[in-house]
Amino acid sequence: GKDMTVRYPDEETKVGNPLIYRGVNRLKKEQQGRVKCVACFLCATACPAHCIDILADESPWPDREKYPESFTIDELRCIYCGMCEEACPVDAIELTSLYNLTGRSREEMIFDKEKLLSVFDETIETERMKIGRAHVWTPVTGESRMPSSAWKKKIYTHTYINIVKS
């Protein structure tokens, strides 16, 4: 068989498929450099670990009602399940393939909006191909494009069943 032992931290572990690995959270930025989140609280509501806290404020931009004045994720409470990713209607939150998360105190492990956006800046070149539900902005060219045809096949549907007593 293939030798799987890695002498970390001298050798880096290779993540099999970074596009499906669930590691450190990040908040995405829009093309204009502002946070993509619209402070709808769906990610915080969907989170089974209750590790996301959002404080919304009226948006200074005309294209949305509100934005997160404060957005924090307690990385020690997070179970990296991806429910926040699935719940977000604007694809603003994402799990990255970063796995080496360390801190010297509990306070360091509570990631605020600036830290989550800095994770986006750190991982944008290596993980920019994660495709969202709307469109993908590629920072290299600065252009928007529609998702691939493979992503378009993933359709979310809700099924309602009527139960009739006889």
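Side chains of I93 and F71 form a contact here, defined as non-hydrogen atoms less than 4.5 Å apart. Annotation: side chain of S70 is not in contact with side chain of D53 (no heavy-atom distance under 4.5 Å). Contact annotation: the side chain of T72 never approaches that of I52 to less than 4.5 Å [non-hydrogen atoms, C-beta and beyond]. By the 4.5 Å heavy-atom criterion applied to side chains, C47 and T45 are not counted as neighbours. The side-chain heavy atoms of K29 and L117, taken from C-beta on, include a pair separated by under 4.5 Å. Side-chain contact between I54 and C43: present, with at least one pair of heavy atoms (C-beta onward) separated by less than 4.5 Å. Within the 4.5 Å cutoff, the side chain of L116 has heavy atoms near those of the E75 side chain. Counting heavy atoms from C-beta on, the side chains of I110 and I73 never come closer than 4.5 Å.
I79 and L98 fall into different hydrophobic clusters, where Ile, Leu, Val, Met, Phe, Trp and Tyr side chains are chained together by heavy-atom contacts under 4.5 Å. The hydrophobic cluster containing L76 also contains V24, counting ILVMFWY residues as joined when their side-chain heavy atoms lie under 4.5 angstrom apart, directly or transitively. Side-chain heavy atoms closer than 4.5 Å link hydrophobic residues (I, L, V, M, F, W, Y) into clusters, and following such links, possibly through other members, connects M109 to L95.
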With salt bridge (charged side-chain N to carboxylate O under 4.0 Å, His left out) as the test, would you mind laying out the steps for K28 and D91 before giving the verdict?
CA-CA 8 Å; K28 291 183 178 179; D91 199 33; 2.9 Å; yes
Apply salt bridge (charged side-chain N to carboxylate O under 4.0 Å, His left out) to E94 and R26, showing your working.
CA-CA 5 Å; E94 196 168 66; R26 73 177 180 182; 2.4 Å; yes
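Scanning for side chain to side chain donor-acceptor pair (under 3.5 Å) contacts around R22 gives an empty result, with sequence neighbours left out.
When all heavy atoms of A56 and K66 are compared, the closest pair comes out as CB-CD, 4.1 Å. Looking at every heavy atom in both residues, P68 comes nearest to K113 through O-NZ, 2.8 Å. Scanning both residues, E108 and G103, for their nearest heavy atoms gives OE1-CA, 3.4 Å. Pairing each heavy atom of A46 with each of A87, the nearest pair is CB-CB, 3.6 Å. Minimum heavy-atom separation, C37 to R64: O-NH1, 2.9 Å.
The pair R34-E30 meets the salt-bridge criterion, since a charged nitrogen lies less than 4.0 angstrom from a carboxylate oxygen.
Counting heavy atoms of neighbouring residues, nucleotides and ligands inside a 6.0 Å radius, atom CD of E69 exceeds 12 of them. Environment of CD in E58: sparse, with no more than 12 heavy atoms of neighbouring residues, nucleotides or ligands closer than 6.0 Å.
Residue F111 forms a side chain to side chain contact (heavy atoms under 4.5 Å, CB included) with just one option from L27, N25, L101, and that option is L101.
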